[in-house]
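Fair warning: this is a prediction, and the values are worked out from it, not measured in the lab. Here is how names work: the chains are called A, B, and so on, in the same order as the sequence lines, proteins then strands, and each is numbered from 1.
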2 protein chains.
Amino acid sequence: MTSYTIGQIAQQAEVGVETIRYYERLGLIVAPSRRPSGYRVFSEEAVRRLRFIRRAKHLGFSLREISELLELRFHDGGSCKEVRSRASNKIIEVEAKIADLQRIQRALTTLASACPGSGPAAACPILDALDPTEETDGQA
Amino acid sequence: MTSYTIGQIAQQAEVGVETIRYYERLGLIVAPSRRPSGYRVFSEEAVRRLRFIRRAKHLGFSLREISELLELRFHDGGSCKEVRSRASNKIIEVEAKIADLQRIQRALTTLASACPGSGPAAACPILDALDPTEETDGQA
DNA sequence: CTTGACTCCGTAGTAGGGTACAGGGTGCAC
DNA sequence: GTGCACCCTGTACCCTACTACGGAGTCAAG
């Protein structure tokens, strides 16, 4: 059962020490146990969690949303139905994001391949990418 | 050639009037032409652009990144090669985001389907989702 | 030709997400 | 048994992306 200091997990998870304390204050990570001196003691789990947070943020989730995602696993001792429905809602959101990103990806691909040819290329695939007036399902 | 006031496009693009002026200050949208009175006059294009921005933000792009995405189309009169390489880099980023989201999606699906069974379900698919110690390609 | 909704500009304030000290204790290598 | 890196708490500050306001001009319906 390897344990780590805050500096060690900060390095492993590629986040700042202050950030970890900040997340702890927000309740985003479980408050770690302490040595008699007051030093925080972290487990491997914390590294995983921090990395999850870092990447989820990069996907446009707020800390609040990330917290909700993470909590899904803990509440499952309670009302199973609710976990299921919350998970389902998140899945819908996630799928919408994926679809949007795929549109951007296609637009970028078009742009990149249209370019080397020549000419002014007046049509802008990027703008069309997330344009709900296209075949995009018009969700808010 | 329909034209719109700032309030009209704000409503259409579902953003605030102040936000549009803010984006203009940042150079994120093209400075619109003006009536003699000073009132801004927007075209359909502006609505599309604003909607693009709104959705791209939701995908975790910063305004700076969005600006870069949007600029890809304008520079193509200049150095075509650079547009291509910038587009390619963006494509890589976008693909990484899609992959991450798909991992989250799978994890949520697993979670949702594992739940109704019973038991404590100790394993947390969510945390594994974005864990680079799994088969995830370890990108920063 | 008035009135109420809308627009202008500039500046200031807010929320989210950190980041940086200051002032002090801890751990361990030498 | 001391030095230096590291940790503690708390407060203050920073950046991004808005959002609100004040004071004044504009537009168009009645």
Side-chain angles (χ1 to χ4, degrees), chain A residues 2-43 46-47 49-71 93 130 140, chain B residues 2-43 46-47 49-71 93 130 140:
Chain A
T2 29
S3 66
Y4 305 93
T5 66
I6 195 169
Q8 287 168 338
I9 61 160
Q11 202 162 12
Q12 281 191 59
E14 293 173 82
V15 298
V17 166
E18 316 281 350
T19 305
I20 296 172
R21 289 200 274 256
Y22 175 65
Y23 288 168
E24 182 184 334
R25 245 175 292 148
L26 294 189
L28 207 54
I29 57 172
V30 181
S33 53
R34 304 282 187 130
R35 288 203 234 173
S37 61
Y39 279 32
R40 289 170 181 81
V41 179
F42 294 92
S43 68
V47 179
R49 217 168 156 115
L50 285 169
R51 275 203 275 239
F52 177 87
I53 294 168
R54 200 169 65 83
R55 296 178 73 176
K57 259 198 327 142
H58 197 228
L59 298 171
F61 294 102
S62 67
L63 294 185
R64 166 173 295 281
E65 287 175 310
I66 292 169
S67 165
E68 282 166 25
L69 279 172
L70 287 167
E71 269 176 17
E93 282 173 39
L130 297 184
Chain B
T2 29
S3 66
Y4 305 92
T5 65
I6 196 168
Q8 287 167 339
I9 61 159
Q11 201 162 14
Q12 281 190 59
E14 294 173 81
V15 297
V17 165
E18 315 281 350
T19 305
I20 296 171
R21 287 201 274 256
Y22 175 65
Y23 287 169
E24 182 185 333
R25 245 176 292 149
L26 294 189
L28 208 54
I29 58 172
V30 181
S33 54
R34 304 283 187 129
R35 287 203 233 173
S37 61
Y39 278 32
R40 288 171 182 81
V41 179
F42 293 92
S43 68
V47 179
R49 219 169 154 114
L50 286 170
R51 276 204 274 239
F52 177 86
I53 294 168
R54 200 168 64 82
R55 296 179 73 177
K57 258 197 329 141
H58 196 227
L59 297 171
F61 294 103
S62 66
L63 293 186
R64 167 173 295 280
E65 287 176 310
I66 293 169
S67 165
E68 282 167 24
L69 280 173
L70 287 168
E71 270 177 17
E93 281 174 39
L130 297 184

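- Residue whose closest nucleotide on DNA chain D sits further toward the 5' end, between Ser37(B) and Phe61(B): Phe61(B).
- Applying the salt bridge (Lys or Arg N to Asp or Glu O under 4.0 Å) rule to Arg25(A) yields no partners; only residues at least two apart in sequence or on another chain are considered.
- Side-chain proximity of Lys57(A) to dG18(C), dT19(D), dC7(D): nearest is dG18(C).
- For the OP1/OP2 pair of dC8(C) and a distance below 4.0 Å, the side-chain nitrogens and oxygens of Arg21(B) include at least one atom meeting the criterion.
- For Arg54(A) (side chain) and Val15(A) (main-chain N/O), no donor-acceptor pair under 3.5 Å exists by modelled atom type.
- Between the CG atom in Leu28(A) and the OH atom in Tyr22(A) there is a gap of 9.0 Å [rounded to 0.5 Å].
- Annotation: of the two residues near DNA chain D, Arg25(A) and Gly16(B), the 5′-most nearest-nucleotide partner is Arg25(A).
- With dT26(C), dT9(D), dG18(C) as the choices, the nucleotide that has an atom nearest any side-chain atom of Thr19(A) turns out to be dG18(C).
- Of all nucleotides listed (dT7(C), dG10(D), dG10(C)), dG10(D) comes nearest to the side chain of Glu18(A).
- A donor-acceptor pair under 3.5 Å links the side-chain atoms of Glu65(B) to the main chain of Ser62(B), judged by distance alone.
- Checking dC7(D), dG18(C), dT7(C) against the side-chain heavy atoms of Ile6(A) singles out dC7(D) as nearest.
- Between Tyr23(A) and the phosphate of dG18(C), there is a side-chain N or O to OP1/OP2 separation shorter than 4.0 Å.
- For Tyr39(A), counting side-chain heavy atoms from C-beta on, the closest listed nucleotide (dC8(D), dT7(C), dT19(C)) is dC8(D).
- Look at Arg34(A) and you won't find any side-chain N or O under 4.0 angstrom from OP1 or OP2 of dG25(C).
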